[in-house]
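Every chain is numbered from 1 and lettered A, B, ... according to where its sequence line falls, protein lines coming before strand lines.
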Protein chains: 2
Amino acid sequence: MPGPVQSIERAAAILRLLARGSGRLGVGEIAASLGLAKGTAHGILRTLQGVGFVEQDKASGKYQLGATLLHLGTSYLDVNELRSRAINWADALAARSGEAVWIGTPLDGKVLIVHHVFRPDDSLQSLDVGALLPLHATALGKVLLAYDAQAAAALPESGLEPLTRRTLVSAAALKRELAKVRELGFAADVEEATLGQASIAAPIRGYGGLVVGAISITGAVDRLCPASGRPDPVLAGSVQNAAQMISRDLGAGRW
Amino acid sequence: MPGPVQSIERAAAILRLLARGSGRLGVGEIAASLGLAKGTAHGILRTLQGVGFVEQDKASGKYQLGATLLHLGTSYLDVNELRSRAINWADALAARSGEAVWIGTPLDGKVLIVHHVFRPDDSLQSLDVGALLPLHATALGKVLLAYDAQAAAALPESGLEPLTRRTLVSAAALKRELAKVRELGFAADVEEATLGQASIAAPIRGYGGLVVGAISITGAVDRLCPASGRPDPVLAGSVQNAAQMISRDLGAGRW
DNA sequence: ACCAGAGTTCGACAATGTCGACCGGCATAC
DNA sequence: GTATGCCGGTCGACATTGTCGAACTCTGGT
(Lines give C-alpha, C1' and ligand atoms only; values in the text may rest on other atoms or scores of the structure.)
Protein backbone atom coordinates (compact mmCIF):
# COMPACT_ATOMS: atom_id res chain seq x y z
CA MET A 1 0.00 0.00 0.00
CA PRO A 2 1.14 3.52 -0.71
CA GLY A 3 2.74 5.32 2.18
CA PRO A 4 0.77 7.08 4.82
CA VAL A 5 1.23 10.84 5.07
CA GLN A 6 4.13 11.43 7.44
CA SER A 7 3.36 15.00 8.33
CA ILE A 8 -0.10 14.04 9.47
CA GLU A 9 1.25 11.18 11.52
CA ARG A 10 3.71 13.55 13.10
CA ALA A 11 1.00 16.08 13.81
CA ALA A 12 -1.07 13.38 15.46
CA ALA A 13 1.93 12.30 17.51
CA ILE A 14 2.37 15.85 18.72
CA LEU A 15 -1.28 16.07 19.73
CA ARG A 16 -1.07 12.81 21.61
CA LEU A 17 2.07 13.99 23.31
CA LEU A 18 0.34 17.17 24.42
CA ALA A 19 -2.65 15.17 25.65
CA ARG A 20 -0.48 12.79 27.62
CA GLY A 21 1.90 15.39 28.95
CA SER A 22 -1.01 17.06 30.70
CA GLY A 23 0.27 20.57 30.34
CA ARG A 24 2.14 22.91 28.10
CA LEU A 25 5.19 21.81 26.19
CA GLY A 26 7.85 23.80 24.38
CA VAL A 27 9.00 23.33 20.81
CA GLY A 28 12.28 21.91 21.97
CA GLU A 29 10.74 19.30 24.21
CA ILE A 30 8.37 18.20 21.50
CA ALA A 31 11.08 17.98 18.88
CA ALA A 32 13.29 15.98 21.19
CA SER A 33 10.54 13.59 22.22
CA LEU A 34 9.68 12.78 18.63
CA GLY A 35 13.19 12.90 17.20
CA LEU A 36 12.42 15.81 14.89
CA ALA A 37 14.39 18.89 14.00
CA LYS A 38 13.30 21.89 15.97
CA GLY A 39 12.33 23.75 12.83
CA THR A 40 10.19 20.90 11.60
CA ALA A 41 8.32 20.66 14.85
CA HIS A 42 7.79 24.37 14.76
CA GLY A 43 6.27 24.28 11.29
CA ILE A 44 3.83 21.57 12.25
CA LEU A 45 2.91 23.37 15.43
CA ARG A 46 2.25 26.59 13.58
CA THR A 47 -0.02 24.77 11.20
CA LEU A 48 -1.87 23.07 14.02
CA GLN A 49 -2.24 26.43 15.66
CA GLY A 50 -3.70 27.84 12.46
CA VAL A 51 -6.43 25.23 12.43
CA GLY A 52 -7.09 25.62 16.14
CA PHE A 53 -5.83 22.22 17.23
CA VAL A 54 -3.19 23.75 19.48
CA GLU A 55 -2.90 27.07 21.24
CA GLN A 56 0.17 28.95 22.24
CA ASP A 57 0.55 30.56 25.59
CA LYS A 58 1.72 34.03 24.70
CA ALA A 59 3.61 34.49 27.94
CA SER A 60 5.75 31.36 27.94
CA GLY A 61 5.63 30.54 24.23
CA LYS A 62 4.69 26.98 25.03
CA TYR A 63 1.99 25.00 23.30
CA GLN A 64 -1.11 23.20 24.53
CA LEU A 65 -4.14 21.56 22.99
CA GLY A 66 -6.67 23.83 21.29
CA ALA A 67 -10.36 24.40 21.59
CA THR A 68 -11.29 23.03 18.19
CA LEU A 69 -10.43 19.56 19.44
CA LEU A 70 -13.12 19.79 22.07
CA HIS A 71 -15.70 20.44 19.44
CA LEU A 72 -14.46 17.66 17.20
CA GLY A 73 -14.45 15.29 20.13
CA THR A 74 -18.03 15.93 21.03
CA SER A 75 -19.01 15.76 17.39
CA TYR A 76 -17.68 12.24 17.52
CA LEU A 77 -20.19 11.47 20.23
CA ASP A 78 -23.00 12.55 17.94
CA VAL A 79 -22.09 10.06 15.27
CA ASN A 80 -21.06 7.22 17.53
CA GLU A 81 -23.66 4.58 16.93
CA LEU A 82 -22.93 2.62 20.08
CA ARG A 83 -23.56 5.66 22.21
CA SER A 84 -26.66 6.91 20.47
CA ARG A 85 -28.33 3.53 20.59
CA ALA A 86 -27.35 2.98 24.19
CA ILE A 87 -28.41 6.25 25.77
CA ASN A 88 -32.00 5.32 26.48
CA TRP A 89 -31.10 1.94 27.90
CA ALA A 90 -28.41 3.50 30.02
CA ASP A 91 -30.88 5.92 31.56
CA ALA A 92 -33.22 3.06 32.32
CA LEU A 93 -30.44 1.03 33.88
CA ALA A 94 -29.41 3.94 36.06
CA ALA A 95 -32.97 4.44 37.21
CA ARG A 96 -33.49 0.76 38.00
CA SER A 97 -30.17 0.15 39.70
CA GLY A 98 -29.80 3.50 41.37
CA GLU A 99 -26.14 3.62 40.33
CA ALA A 100 -23.99 5.53 37.88
CA VAL A 101 -23.76 3.99 34.42
CA TRP A 102 -20.78 4.02 32.07
CA ILE A 103 -20.51 2.88 28.50
CA GLY A 104 -17.04 2.14 27.17
CA THR A 105 -15.40 1.10 23.95
CA PRO A 106 -11.88 -0.20 23.40
CA LEU A 107 -9.28 2.31 22.24
CA ASP A 108 -5.64 1.54 21.88
CA GLY A 109 -5.27 -0.80 24.85
CA LYS A 110 -7.53 1.21 27.11
CA VAL A 111 -11.23 1.75 27.65
CA LEU A 112 -12.69 4.98 26.36
CA ILE A 113 -15.78 6.19 28.21
CA VAL A 114 -18.30 7.34 25.62
CA HIS A 115 -21.28 7.84 27.90
CA HIS A 116 -21.89 8.48 31.56
CA VAL A 117 -25.16 8.70 33.42
CA PHE A 118 -24.91 10.16 36.88
CA ARG A 119 -26.21 8.25 39.84
CA PRO A 120 -29.84 9.34 40.20
CA ASP A 121 -29.84 10.51 43.79
CA ASP A 122 -26.99 12.95 44.26
CA SER A 123 -25.68 15.00 41.42
CA LEU A 124 -22.28 16.13 42.61
CA GLN A 125 -20.26 13.85 40.36
CA SER A 126 -17.62 14.61 37.81
CA LEU A 127 -18.18 13.75 34.22
CA ASP A 128 -15.92 11.04 32.91
CA VAL A 129 -16.82 11.01 29.23
CA GLY A 130 -13.63 10.96 27.22
CA ALA A 131 -11.56 9.46 29.98
CA LEU A 132 -9.30 6.48 29.30
CA LEU A 133 -9.39 3.66 31.83
CA PRO A 134 -7.05 0.69 32.04
CA LEU A 135 -8.32 -2.62 30.74
CA HIS A 136 -7.12 -4.84 33.55
CA ALA A 137 -8.49 -2.93 36.54
CA THR A 138 -12.06 -2.15 35.55
CA ALA A 139 -15.14 -4.24 34.98
CA LEU A 140 -15.59 -2.58 31.59
CA GLY A 141 -12.08 -3.45 30.59
CA LYS A 142 -12.31 -7.05 31.75
CA VAL A 143 -15.37 -7.57 29.61
CA LEU A 144 -13.62 -6.18 26.57
CA LEU A 145 -10.58 -8.33 27.25
CA ALA A 146 -12.62 -11.45 27.79
CA TYR A 147 -14.22 -11.25 24.38
CA ASP A 148 -11.31 -9.88 22.37
CA ALA A 149 -8.50 -12.36 22.14
CA GLN A 150 -6.32 -9.88 20.30
CA ALA A 151 -6.51 -7.28 23.06
CA ALA A 152 -5.93 -9.94 25.68
CA ALA A 153 -2.84 -11.19 23.89
CA ALA A 154 -1.43 -7.67 23.71
CA LEU A 155 -1.38 -7.36 27.48
CA PRO A 156 2.03 -7.59 29.11
CA GLU A 157 2.83 -10.76 31.03
CA SER A 158 3.59 -8.72 34.09
CA GLY A 159 3.94 -5.15 35.14
CA LEU A 160 0.23 -4.43 35.15
CA GLU A 161 -0.12 -1.17 36.95
CA PRO A 162 -1.75 -1.49 40.38
CA LEU A 163 -4.30 1.24 41.03
CA THR A 164 -5.20 -0.04 44.47
CA ARG A 165 -3.94 -2.88 46.62
CA ARG A 166 -6.64 -5.09 45.15
CA THR A 167 -5.80 -4.56 41.50
CA LEU A 168 -4.92 -7.78 39.68
CA VAL A 169 -1.34 -7.44 38.58
CA SER A 170 -0.40 -10.94 37.49
CA ALA A 171 -1.24 -12.21 34.05
CA ALA A 172 -2.23 -15.58 35.46
CA ALA A 173 -4.77 -14.14 37.87
CA LEU A 174 -6.18 -11.97 35.13
CA LYS A 175 -6.45 -14.94 32.81
CA ARG A 176 -8.45 -16.88 35.37
CA GLU A 177 -10.64 -13.85 35.87
CA LEU A 178 -11.31 -13.57 32.14
CA ALA A 179 -12.31 -17.21 31.94
CA LYS A 180 -14.79 -16.59 34.72
CA VAL A 181 -16.14 -13.58 32.87
CA ARG A 182 -16.74 -15.66 29.76
CA GLU A 183 -18.46 -18.30 31.85
CA LEU A 184 -20.76 -15.92 33.73
CA GLY A 185 -21.36 -13.45 30.93
CA PHE A 186 -20.48 -10.44 33.04
CA ALA A 187 -17.47 -8.96 34.80
CA ALA A 188 -16.99 -7.27 38.13
CA ASP A 189 -14.30 -5.34 39.88
CA VAL A 190 -14.28 -4.83 43.62
CA GLU A 191 -12.05 -2.00 44.74
CA GLU A 192 -9.60 -2.79 41.96
CA ALA A 193 -9.74 0.67 40.44
CA THR A 194 -10.88 2.82 43.37
CA LEU A 195 -11.12 1.90 47.02
CA GLY A 196 -14.69 1.63 48.21
CA GLN A 197 -16.05 1.35 44.67
CA ALA A 198 -17.19 -1.69 42.74
CA SER A 199 -18.50 -2.16 39.20
CA ILE A 200 -20.40 -4.73 37.20
CA ALA A 201 -20.14 -4.80 33.42
CA ALA A 202 -21.58 -6.78 30.50
CA PRO A 203 -20.62 -6.95 26.84
CA ILE A 204 -22.39 -5.09 24.04
CA ARG A 205 -22.29 -6.80 20.66
CA GLY A 206 -22.62 -5.19 17.29
CA TYR A 207 -23.45 -6.55 13.90
CA GLY A 208 -22.25 -10.13 13.60
CA GLY A 209 -22.02 -10.68 17.32
CA LEU A 210 -18.68 -8.93 17.69
CA VAL A 211 -18.14 -7.23 21.03
CA VAL A 212 -17.93 -3.50 20.33
CA GLY A 213 -18.24 -2.12 23.83
CA ALA A 214 -19.49 -2.66 27.33
CA ILE A 215 -21.89 -1.15 29.82
CA SER A 216 -21.37 -1.01 33.55
CA ILE A 217 -22.73 0.28 36.80
CA THR A 218 -20.45 1.65 39.46
CA GLY A 219 -21.08 2.39 43.09
CA ALA A 220 -20.18 1.75 46.69
CA VAL A 221 -19.01 -1.80 47.41
CA ASP A 222 -21.66 -2.49 50.03
CA ARG A 223 -24.44 -1.65 47.60
CA LEU A 224 -23.13 -3.64 44.64
CA CYS A 225 -21.82 -6.57 46.67
CA PRO A 226 -24.19 -7.00 49.61
CA ALA A 227 -22.30 -9.37 51.85
CA SER A 228 -19.89 -12.05 50.67
CA GLY A 229 -17.93 -9.68 48.46
CA ARG A 230 -19.57 -11.10 45.38
CA PRO A 231 -21.62 -8.96 43.02
CA ASP A 232 -25.37 -8.91 43.56
CA PRO A 233 -26.86 -11.29 40.97
CA VAL A 234 -29.95 -9.13 40.53
CA LEU A 235 -27.88 -6.08 39.63
CA ALA A 236 -25.71 -8.19 37.36
CA GLY A 237 -28.85 -9.40 35.64
CA SER A 238 -29.99 -5.83 35.08
CA VAL A 239 -26.68 -4.91 33.53
CA GLN A 240 -26.70 -7.97 31.29
CA ASN A 241 -30.23 -7.23 30.25
CA ALA A 242 -29.39 -3.66 29.30
CA ALA A 243 -26.40 -4.91 27.34
CA GLN A 244 -28.59 -7.36 25.45
CA MET A 245 -31.16 -4.72 24.58
CA ILE A 246 -28.47 -2.43 23.21
CA SER A 247 -26.91 -5.30 21.28
CA ARG A 248 -30.24 -6.07 19.72
CA ASP A 249 -30.66 -2.44 18.69
CA LEU A 250 -27.23 -2.60 17.08
CA GLY A 251 -28.29 -5.56 14.99
CA ALA A 252 -26.34 -8.21 16.85
CA GLY A 253 -28.55 -11.04 15.71
CA ARG A 254 -29.54 -13.67 18.23
CA TRP A 255 -26.96 -12.90 20.87
CA MET B 1 6.89 33.20 7.25
CA PRO B 2 7.50 29.76 5.82
CA GLY B 3 4.46 28.00 4.49
CA PRO B 4 2.14 26.06 6.67
CA VAL B 5 1.97 22.32 6.11
CA GLN B 6 -0.70 21.72 3.48
CA SER B 7 -1.39 18.09 4.22
CA ILE B 8 -2.15 18.92 7.82
CA GLU B 9 -4.44 21.75 6.82
CA ARG B 10 -6.22 19.41 4.48
CA ALA B 11 -6.53 16.77 7.15
CA ALA B 12 -8.02 19.34 9.49
CA ALA B 13 -10.43 20.43 6.79
CA ILE B 14 -11.57 16.85 6.37
CA LEU B 15 -12.13 16.49 10.09
CA ARG B 16 -14.13 19.68 10.21
CA LEU B 17 -16.14 18.53 7.26
CA LEU B 18 -16.95 15.28 8.99
CA ALA B 19 -17.88 17.13 12.16
CA ARG B 20 -20.16 19.48 10.32
CA GLY B 21 -21.66 16.89 8.00
CA SER B 22 -23.08 15.08 11.01
CA GLY B 23 -22.72 11.65 9.58
CA ARG B 24 -20.62 9.43 7.41
CA LEU B 25 -19.08 10.68 4.19
CA GLY B 26 -17.51 8.80 1.30
CA VAL B 27 -14.13 9.45 -0.24
CA GLY B 28 -15.73 10.93 -3.32
CA GLU B 29 -17.86 13.41 -1.45
CA ILE B 30 -14.94 14.55 0.65
CA ALA B 31 -12.66 14.96 -2.33
CA ALA B 32 -15.29 16.94 -4.21
CA SER B 33 -16.08 19.20 -1.26
CA LEU B 34 -12.46 20.13 -0.80
CA GLY B 35 -11.45 20.17 -4.43
CA LEU B 36 -8.94 17.35 -4.04
CA ALA B 37 -8.14 14.39 -6.23
CA LYS B 38 -9.82 11.25 -4.99
CA GLY B 39 -6.53 9.51 -4.49
CA THR B 40 -5.20 12.34 -2.39
CA ALA B 41 -8.22 12.39 -0.17
CA HIS B 42 -7.94 8.65 0.21
CA GLY B 43 -4.34 8.83 1.32
CA ILE B 44 -5.11 11.44 3.95
CA LEU B 45 -8.10 9.49 5.17
CA ARG B 46 -6.09 6.32 5.49
CA THR B 47 -3.51 8.16 7.54
CA LEU B 48 -6.16 9.69 9.75
CA GLN B 49 -7.63 6.26 10.19
CA GLY B 50 -4.24 4.93 11.21
CA VAL B 51 -3.98 7.46 14.02
CA GLY B 52 -7.57 6.91 15.09
CA PHE B 53 -8.92 10.31 14.10
CA VAL B 54 -11.41 8.78 11.69
CA GLU B 55 -13.08 5.41 11.50
CA GLN B 56 -14.39 3.57 8.50
CA ASP B 57 -17.72 1.85 8.45
CA LYS B 58 -16.86 -1.55 7.07
CA ALA B 59 -20.28 -2.06 5.54
CA SER B 60 -20.60 1.14 3.53
CA GLY B 61 -16.94 2.06 3.24
CA LYS B 62 -17.73 5.58 4.41
CA TYR B 63 -15.77 7.53 6.96
CA GLN B 64 -16.69 9.21 10.23
CA LEU B 65 -14.85 10.81 13.12
CA GLY B 66 -12.79 8.54 15.34
CA ALA B 67 -12.64 7.82 19.01
CA THR B 68 -9.19 9.29 19.59
CA LEU B 69 -10.64 12.74 19.01
CA LEU B 70 -12.93 12.33 21.98
CA HIS B 71 -9.99 11.68 24.22
CA LEU B 72 -8.01 14.59 22.82
CA GLY B 73 -11.00 16.85 23.25
CA THR B 74 -11.44 16.06 26.88
CA SER B 75 -7.73 16.33 27.43
CA TYR B 76 -8.12 19.89 26.25
CA LEU B 77 -10.53 20.48 29.10
CA ASP B 78 -7.90 19.41 31.57
CA VAL B 79 -5.44 22.03 30.43
CA ASN B 80 -7.90 24.82 29.77
CA GLU B 81 -7.08 27.43 32.36
CA LEU B 82 -10.36 29.28 32.08
CA ARG B 83 -12.28 26.15 32.86
CA SER B 84 -10.13 24.88 35.68
CA ARG B 85 -10.17 28.21 37.47
CA ALA B 86 -13.87 28.64 36.95
CA ILE B 87 -15.20 25.28 38.10
CA ASN B 88 -15.49 26.08 41.76
CA TRP B 89 -17.13 29.41 41.16
CA ALA B 90 -19.50 27.83 38.69
CA ASP B 91 -20.63 25.29 41.26
CA ALA B 92 -21.21 28.05 43.77
CA LEU B 93 -23.18 30.09 41.27
CA ALA B 94 -25.35 27.10 40.41
CA ALA B 95 -26.03 26.46 44.07
CA ARG B 96 -26.88 30.07 44.83
CA SER B 97 -29.01 30.71 41.77
CA GLY B 98 -30.58 27.30 41.47
CA GLU B 99 -30.00 27.34 37.72
CA ALA B 100 -27.78 25.61 35.22
CA VAL B 101 -24.44 27.29 34.61
CA TRP B 102 -22.47 27.44 31.35
CA ILE B 103 -19.01 28.73 30.69
CA GLY B 104 -18.15 29.63 27.11
CA THR B 105 -15.19 30.85 25.13
CA PRO B 106 -15.13 32.28 21.61
CA LEU B 107 -14.21 29.91 18.81
CA ASP B 108 -14.34 30.79 15.19
CA GLY B 109 -17.41 33.00 15.25
CA LYS B 110 -19.30 30.84 17.70
CA VAL B 111 -19.36 30.17 21.43
CA LEU B 112 -17.76 26.96 22.60
CA ILE B 113 -19.16 25.58 25.84
CA VAL B 114 -16.25 24.48 28.00
CA HIS B 115 -18.12 23.79 31.22
CA HIS B 116 -21.65 22.97 32.24
CA VAL B 117 -23.08 22.60 35.72
CA PHE B 118 -26.50 21.00 35.84
CA ARG B 119 -29.34 22.74 37.54
CA PRO B 120 -29.21 21.54 41.16
CA ASP B 121 -32.73 20.24 41.53
CA ASP B 122 -33.44 17.87 38.68
CA SER B 123 -30.72 15.96 36.96
CA LEU B 124 -32.31 14.92 33.69
CA GLN B 125 -30.39 17.31 31.50
CA SER B 126 -28.15 16.74 28.54
CA LEU B 127 -24.55 17.72 28.70
CA ASP B 128 -23.63 20.55 26.39
CA VAL B 129 -19.88 20.71 26.84
CA GLY B 130 -18.27 20.92 23.42
CA ALA B 131 -21.33 22.37 21.75
CA LEU B 132 -21.04 25.44 19.54
CA LEU B 133 -23.66 28.13 20.05
CA PRO B 134 -24.27 31.17 17.85
CA LEU B 135 -22.97 34.50 19.06
CA HIS B 136 -26.00 36.60 18.29
CA ALA B 137 -28.70 34.54 19.95
CA THR B 138 -27.24 33.70 23.35
CA ALA B 139 -26.37 35.73 26.39
CA LEU B 140 -22.88 34.20 26.37
CA GLY B 141 -22.39 35.23 22.79
CA LYS B 142 -23.63 38.75 23.29
CA VAL B 143 -21.15 39.29 26.08
CA LEU B 144 -18.31 38.08 23.92
CA LEU B 145 -19.45 40.28 21.06
CA ALA B 146 -19.88 43.33 23.25
CA TYR B 147 -16.27 43.22 24.41
CA ASP B 148 -14.58 42.02 21.25
CA ALA B 149 -14.81 44.59 18.48
CA GLN B 150 -13.16 42.25 16.03
CA ALA B 151 -15.75 39.53 16.48
CA ALA B 152 -18.55 42.07 16.31
CA ALA B 153 -17.21 43.49 13.06
CA ALA B 154 -17.07 40.02 11.54
CA LEU B 155 -20.81 39.56 11.94
CA PRO B 156 -22.86 39.79 8.76
CA GLU B 157 -25.00 42.90 8.30
CA SER B 158 -28.05 40.75 7.84
CA GLY B 159 -29.00 37.15 7.55
CA LEU B 160 -28.49 36.33 11.20
CA GLU B 161 -30.10 32.98 11.67
CA PRO B 162 -33.31 33.10 13.70
CA LEU B 163 -33.53 30.27 16.23
CA THR B 164 -36.90 31.40 17.58
CA ARG B 165 -39.29 34.16 16.68
CA ARG B 166 -37.57 36.38 19.24
CA THR B 167 -34.04 36.03 17.95
CA LEU B 168 -32.47 39.34 16.97
CA VAL B 169 -31.82 39.15 13.25
CA SER B 170 -31.00 42.72 12.30
CA ALA B 171 -27.53 44.12 12.74
CA ALA B 172 -28.95 47.39 14.02
CA ALA B 173 -30.96 45.77 16.79
CA LEU B 174 -28.00 43.70 17.79
CA LYS B 175 -25.78 46.77 17.86
CA ARG B 176 -28.12 48.53 20.23
CA GLU B 177 -28.24 45.43 22.36
CA LEU B 178 -24.44 45.29 22.57
CA ALA B 179 -24.27 48.91 23.64
CA LYS B 180 -26.68 48.10 26.43
CA VAL B 181 -24.55 45.13 27.44
CA ARG B 182 -21.49 47.32 27.72
CA GLU B 183 -23.44 49.81 29.77
CA LEU B 184 -24.92 47.30 32.20
CA GLY B 185 -21.98 44.93 32.37
CA PHE B 186 -24.06 41.86 31.67
CA ALA B 187 -26.11 40.39 28.83
CA ALA B 188 -29.40 38.56 28.72
CA ASP B 189 -31.39 36.64 26.21
CA VAL B 190 -35.07 35.96 26.63
CA GLU B 191 -36.37 33.16 24.46
CA GLU B 192 -33.94 34.14 21.73
CA ALA B 193 -32.29 30.75 21.56
CA THR B 194 -34.96 28.44 22.98
CA LEU B 195 -38.57 29.20 23.70
CA GLY B 196 -39.32 29.31 27.39
CA GLN B 197 -35.66 29.70 28.33
CA ALA B 198 -33.72 32.79 29.32
CA SER B 199 -30.06 33.38 30.20
CA ILE B 200 -27.95 35.98 31.91
CA ALA B 201 -24.22 36.21 31.19
CA ALA B 202 -21.24 38.28 32.32
CA PRO B 203 -17.73 38.63 30.90
CA ILE B 204 -14.68 36.85 32.26
CA ARG B 205 -11.40 38.70 31.82
CA GLY B 206 -7.96 37.22 31.66
CA TYR B 207 -4.54 38.69 32.12
CA GLY B 208 -4.52 42.31 31.00
CA GLY B 209 -8.27 42.75 31.25
CA LEU B 210 -8.98 41.05 27.93
CA VAL B 211 -12.29 39.23 27.75
CA VAL B 212 -11.47 35.53 27.33
CA GLY B 213 -14.86 33.99 28.02
CA ALA B 214 -18.19 34.37 29.71
CA ILE B 215 -20.30 32.68 32.35
CA SER B 216 -24.05 32.39 32.29
CA ILE B 217 -27.06 30.93 34.02
CA THR B 218 -29.93 29.50 32.02
CA GLY B 219 -33.41 28.59 33.07
CA ALA B 220 -37.12 29.12 32.65
CA VAL B 221 -38.13 32.65 31.70
CA ASP B 222 -40.41 33.14 34.70
CA ARG B 223 -37.62 32.34 37.12
CA LEU B 224 -34.95 34.50 35.51
CA CYS B 225 -37.24 37.36 34.56
CA PRO B 226 -39.86 37.60 37.29
CA ALA B 227 -42.44 39.91 35.76
CA SER B 228 -41.68 42.69 33.32
CA GLY B 229 -39.64 40.49 31.01
CA ARG B 230 -36.41 42.00 32.31
CA PRO B 231 -33.74 39.93 34.00
CA ASP B 232 -33.80 39.75 37.77
CA PRO B 233 -31.12 42.20 39.01
CA VAL B 234 -30.23 39.97 41.95
CA LEU B 235 -29.48 37.02 39.69
CA ALA B 236 -27.57 39.29 37.31
CA GLY B 237 -25.52 40.48 40.25
CA SER B 238 -24.69 36.92 41.20
CA VAL B 239 -23.53 36.16 37.69
CA GLN B 240 -21.42 39.31 37.54
CA ASN B 241 -19.93 38.52 40.89
CA ALA B 242 -18.95 35.00 39.81
CA ALA B 243 -17.42 36.42 36.64
CA GLN B 244 -15.38 38.89 38.67
CA MET B 245 -14.09 36.23 41.01
CA ILE B 246 -12.98 34.08 38.10
CA SER B 247 -11.38 37.06 36.41
CA ARG B 248 -9.44 37.80 39.55
CA ASP B 249 -8.23 34.21 39.72
CA LEU B 250 -7.07 34.55 36.13
CA GLY B 251 -5.00 37.58 37.03
CA ALA B 252 -7.18 40.18 35.38
CA GLY B 253 -5.92 43.03 37.49
CA ARG B 254 -8.40 45.57 38.81
CA TRP B 255 -11.33 44.81 36.55
C1' DA C 1 26.89 43.09 30.48
C1' DC C 2 27.16 38.75 29.34
C1' DC C 3 25.53 34.19 28.63
C1' DA C 4 22.22 30.47 28.12
C1' DG C 5 18.19 28.87 26.51
C1' DA C 6 13.93 29.55 24.55
C1' DG C 7 11.09 30.15 20.18
C1' DT C 8 11.50 31.57 15.42
C1' DT C 9 13.28 32.34 10.63
C1' DC C 10 15.57 31.09 6.43
C1' DG C 11 17.19 28.73 2.19
C1' DA C 12 18.60 24.53 -0.34
C1' DC C 13 17.98 19.79 -1.18
C1' DA C 14 15.45 15.76 -2.16
C1' DA C 15 12.20 13.19 -0.07
C1' DT C 16 7.56 13.45 -0.06
C1' DG C 17 2.85 13.87 -1.17
C1' DT C 18 -0.03 14.74 -4.99
C1' DC C 19 -2.32 13.87 -9.21
C1' DG C 20 -5.03 11.24 -12.61
C1' DA C 21 -5.69 7.02 -14.82
C1' DC C 22 -6.70 2.32 -13.80
C1' DC C 23 -8.61 -1.87 -11.16
C1' DG C 24 -12.26 -4.65 -8.78
C1' DG C 25 -16.78 -5.04 -6.30
C1' DC C 26 -21.31 -4.07 -5.39
C1' DA C 27 -25.70 -2.50 -6.41
C1' DT C 28 -29.05 -1.14 -9.55
C1' DA C 29 -31.40 -1.07 -14.00
C1' DC C 30 -32.78 -3.09 -17.90
C1' DG D 1 -28.83 -12.60 -16.32
C1' DT D 2 -26.31 -9.33 -18.17
C1' DA D 3 -24.83 -4.67 -18.52
C1' DT D 4 -23.72 -0.36 -16.45
C1' DG D 5 -22.65 3.02 -13.34
C1' DC D 6 -20.84 4.20 -8.97
C1' DC D 7 -17.67 3.89 -5.38
C1' DG D 8 -13.60 2.76 -2.75
C1' DG D 9 -8.99 1.40 -3.48
C1' DT D 10 -4.37 1.06 -6.05
C1' DC D 11 -0.35 2.43 -8.75
C1' DG D 12 3.48 5.01 -10.76
C1' DA D 13 5.57 9.42 -12.48
C1' DC D 14 6.28 14.14 -11.61
C1' DA D 15 7.38 18.25 -9.12
C1' DT D 16 5.61 20.30 -5.42
C1' DT D 17 6.34 20.18 -0.66
C1' DG D 18 8.07 19.52 3.66
C1' DT D 19 12.23 18.75 5.99
C1' DC D 20 16.67 19.71 7.90
C1' DG D 21 20.24 22.39 10.31
C1' DA D 22 22.37 26.63 10.96
C1' DA D 23 21.66 31.28 12.03
C1' DC D 24 18.74 34.94 14.33
C1' DT D 25 16.30 37.35 18.23
C1' DC D 26 14.47 37.98 22.47
C1' DT D 27 13.90 37.07 27.32
C1' DG D 28 15.64 36.13 31.91
C1' DG D 29 19.09 34.99 34.87
C1' DT D 30 23.79 35.48 36.64
Checklist entry - Nearest to the side chain of A/Arg10, which nucleotide is it out of D/dG9, D/dT19, D/dA23? => result D/dT19
Next on the checklist: Given C/dT18, D/dG8, C/dG7, identify the nucleotide with an atom nearest to the side chain of B/Ile44.
Outcome noted: C/dT18
Taking 4.0 Å as the cut-off, does a side-chain nitrogen or oxygen of [X] come that near to OP1 or OP2 on [N]?
| X | N | answer |
| --- | --- | --- |
| A/Tyr63 | C/dA6 | no |
| B/Gln56 | D/dG9 | yes |
| A/Arg46 | C/dG7 | no |
| B/His42 | D/dG8 | no |

Between [atom2] on [N] and [atom1] on [X], what's the gap in Å once rounded to a whole number?
| X | N | atom1 | atom2 | answer |
| --- | --- | --- | --- | --- |
| A/Lys38 | D/dA22 | NZ | C1' | 10 Å |
| B/Asp57 | D/dC7 | CG | C1' | 14 Å |
| B/Leu25 | D/dC7 | CG | P | 13 Å |
| A/Leu45 | D/dT19 | CG | P | 12 Å |
| A/Leu36 | C/dT16 | CG | C1' | 15 Å |
| A/Ile14 | D/dT19 | CD1 | P | 9 Å |
| A/Ile30 | C/dT8 | CD1 | C1' | 14 Å |

Checklist entry - Who pairs with A/Lys62 by salt bridge (charged side-chain N to carboxylate O under 4.0 Å, His left out), at least two apart in sequence or on another chain? => result A/Glu29
Checklist outcome for this item: For A/Arg85, the salt bridge (charged side-chain N to carboxylate O under 4.0 Å, His left out) test, sequence neighbours excluded, returns A/Glu81
Item to check | Distance-only donor-acceptor check, side chains A/Ser7 and B/Ser7, under 3.5 Å | outcome: yes
Next on the checklist: Taking the side chain as everything from C-beta on, heavy atoms only, tell me whether B/Leu145 gets closer than 4.5 Å to B/Leu174.
Outcome noted: yes
Next on the checklist: A side-chain contact here means heavy atoms from C-beta on lying under 4.5 Å apart; do A/Asp57 and A/Gln64 qualify?
Outcome noted: no
Next on the checklist: Could you work out how much the helix from C/dA1-D/dT30 to C/dA14-D/dT17 bends, comparing the axis of its first five pairs with that of its last five, to 10°?
Outcome noted: 10°
Item to check | Steps toward side chain to side chain contact (heavy atoms under 4.5 Å, CB included) verdict (A/Trp89, A/Asp249) | outcome: CA-CA 10 Å; A/Trp89 298 110; A/Asp249 279 5; 3.0 Å; yes
Item to check | DNA chain C: 5'-proximal contact among A/Gly28 and A/Ser7 (nearest heavy atom) | outcome: A/Gly28
Item to check | Position toward the 5' end of DNA chain C (nearest nucleotide), A/Ile8 or A/Val27 | outcome: A/Val27
Next on the checklist: Applying the side chain to side chain contact (heavy atoms under 4.5 Å, CB included) criterion to A/Leu133, which one of A/Leu112, A/Thr138, A/Leu163 satisfies it?
Outcome noted: A/Thr138
Next on the checklist: Does A/Glu29 reach a base, just sugar-phosphate, or nothing at all? Heavy atoms under 4.0 Å.
Outcome noted: nothing
Checklist entry - How would you label the contact of A/Thr40 with the nucleic acid (heavy atoms, under 4.0 Å): base, sugar-phosphate, or nothing? => result base
